[in-house]
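So the structure is just underneath, and the comments pick up after that.
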2 protein chains.
Amino acid sequence: MKKEALSSSSSGCKTRILAIKDTMEILTGKWKFHIIGSLMLFEKLRFMELLREVDGIGAKMLSKELQDLEMNHLIRRTVLNTKPLTVEYELTDCGRTLGPIIDEIAKWGITYRKTLYHKSETSESLV
Amino acid sequence: MKKEALSSSSSGCKTRILAIKDTMEILTGKWKFHIIGSLMLFEKLRFMELLREVDGIGAKMLSKELQDLEMNHLIRRTVLNTKPLTVEYELTDCGRTLGPIIDEIAKWGITYRKTLYHKSETSESLV
DNA sequence: GGTATTAGTTTCCTTAAAGAAACTACTTTC
DNA sequence: GAAAGTAGTTTCTTTAAGGAAACTAATACC
């Protein structure tokens, strides 16, 4: 057996690893998936509605996360000319393309729980 | 228009949000995807090989992340009875089910970069 | 004028994540 | 016996993430 200097430098691999890094950097943190998930469900939500909908988040975090998502063109922020001034957040077309990722992640989480339960291997994690 | 007390408590939604939270907790951190990706590519890797393959990781981090992944039954650790003692890491069947998620994430990252480039909107992030 | 609602920002603080370097312990080779 | 390779662990330090509470500023209602 010949010993080869392994390392995934083989053309497409680096692009792939970079792409994964990109995606995860954009979706990093405790709240992004929850916020995006809520906006997929409700189409449009105002700041206060998001604050109530995304369970446990504080105003500072929400504000910061929304700015991040807007910077990356995943959501759109619209100031409405209403009496006490309201702001609407919604997914952009680009943001909506995250659907399949979120679906896969949700799907995996559900079947993972099931396999844990079936094996009933002294469920350490996921209580 | 009737105002309803929105909040995604509608049966399946909570399970979905919980499932997403589960998955992201398991795959949290800077390195998990990279480690899993490497093990998908090479089947079996020893500690030192992973240390060289996963670019930038330190021994402490690698050790910790491998323990996390093993606890969650995503990888298997096998001590080989060799001369200077080697340890082999590989994905379990369960770990291999992460394939579709990683594929979706990689796919999204690649097309996201492309749309950024096409729009050429003063590329702030992703340099 | 006092209270409430909107959408945040600011300040202060705690905890978690990550990294660098040194160290253990065993074996093999020179 | 010194050097190098195996697989980690320990210690110490820095940085990033996250949270609670108070605060701003505009408008509306009573």
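Just so it is clear, the values below take in all heavy atoms, side chains as well, and ignore hydrogens, waters and symmetry mates.
- Proximity of a side-chain donor or acceptor of A:T86 to a complementary backbone N or O of A:T82 within less than 3.5 Å is not detected.
- Rounded to whole Å, the distance from CG on B:N81 to C1' on D:dA7 is 15 Å.
- If A:P84 and A:K64 are placed on DNA chain C by their nearest nucleotide, the residue sitting closer to the 5' end is A:P84.
- Counting to the nearest Å, the P atom of D:dG8 and the CZ atom of B:R52 are 14 Å from each other.
- Distance B:M24 CE to C:dA17 C1': 16 Å, rounded to the nearest Å.
- Between A:E70 and A:R77 there is no salt bridge, since no side-chain N of the basic residue sits under 4.0 Å from a carboxylate O of the acidic one.
- Whole-Å rounding puts the B:K30 NZ to C:dA16 C1' distance at 14 Å.
- Set against C:dA18, C:dT9, D:dT9, the side chain of B:S63 has D:dT9 as its closest nucleotide.
- In this structure, A:D55 places its CG atom 11 Å from P of D:dG19, rounding to the nearest Å.
- With rounding to whole Å, A:F47 atom CZ is found 18 Å from D:dA26 atom P.
- Here A:R46 does not pair with A:E88 in a salt bridge; the nearest charged N to carboxylate O distance is not below 4.0 Å.
- DNA chain C is contacted by both A:E88 and B:L85; A:E88 maps to the nucleotide lying nearer its 5′ end (nearest heavy atom per residue).
- Between A:R16 and B:D103 a salt bridge is recorded (basic side-chain N to carboxylate O distance below 4.0 Å).
- With DNA chain D read from its 5' end, the first of the two nearest nucleotides for A:T82 and A:E65 is the one closest to A:E65.
- Nearest nucleotide to the A:Y89 side chain, out of D:dA7, C:dA7, C:dG8: C:dG8.
- A:Q67 comes within 4.0 angstrom of sugar-phosphate atoms only, judged by non-hydrogen atoms across all strands, and of no base.
- The distance from atom CD of B:E49 to atom P of D:dT6 is 9 Å, rounded to the nearest whole Å.
- For A:L51 and C:dT6, the CG to C1' distance is 12 Å, given to the nearest whole Å.
- Side-chain nitrogen and oxygen atoms of A:T86 include none within less than 4.0 Å of the OP1 or OP2 phosphate oxygen of C:dT6.
- Under 4.0 angstrom from either OP1 or OP2 of C:dT11 there lies no side-chain N or O belonging to A:K60.
- Closest approach to the B:M61 side chain among D:dG19, C:dG19, D:dG8 is made by C:dG19 (side chain taken as heavy atoms from C-beta onward).
- Of the side-chain N and O atoms in B:R77, one or more sit less than 4.0 angstrom from OP1 or OP2 of D:dG8.
- In this structure, the side chain of B:K64 does not engage the main chain of B:K60 through any donor-acceptor pair within 3.5 Å.
- Nearest nucleotide to the side chain of B:A59, out of D:dA7, C:dA7, D:dT9: D:dT9.
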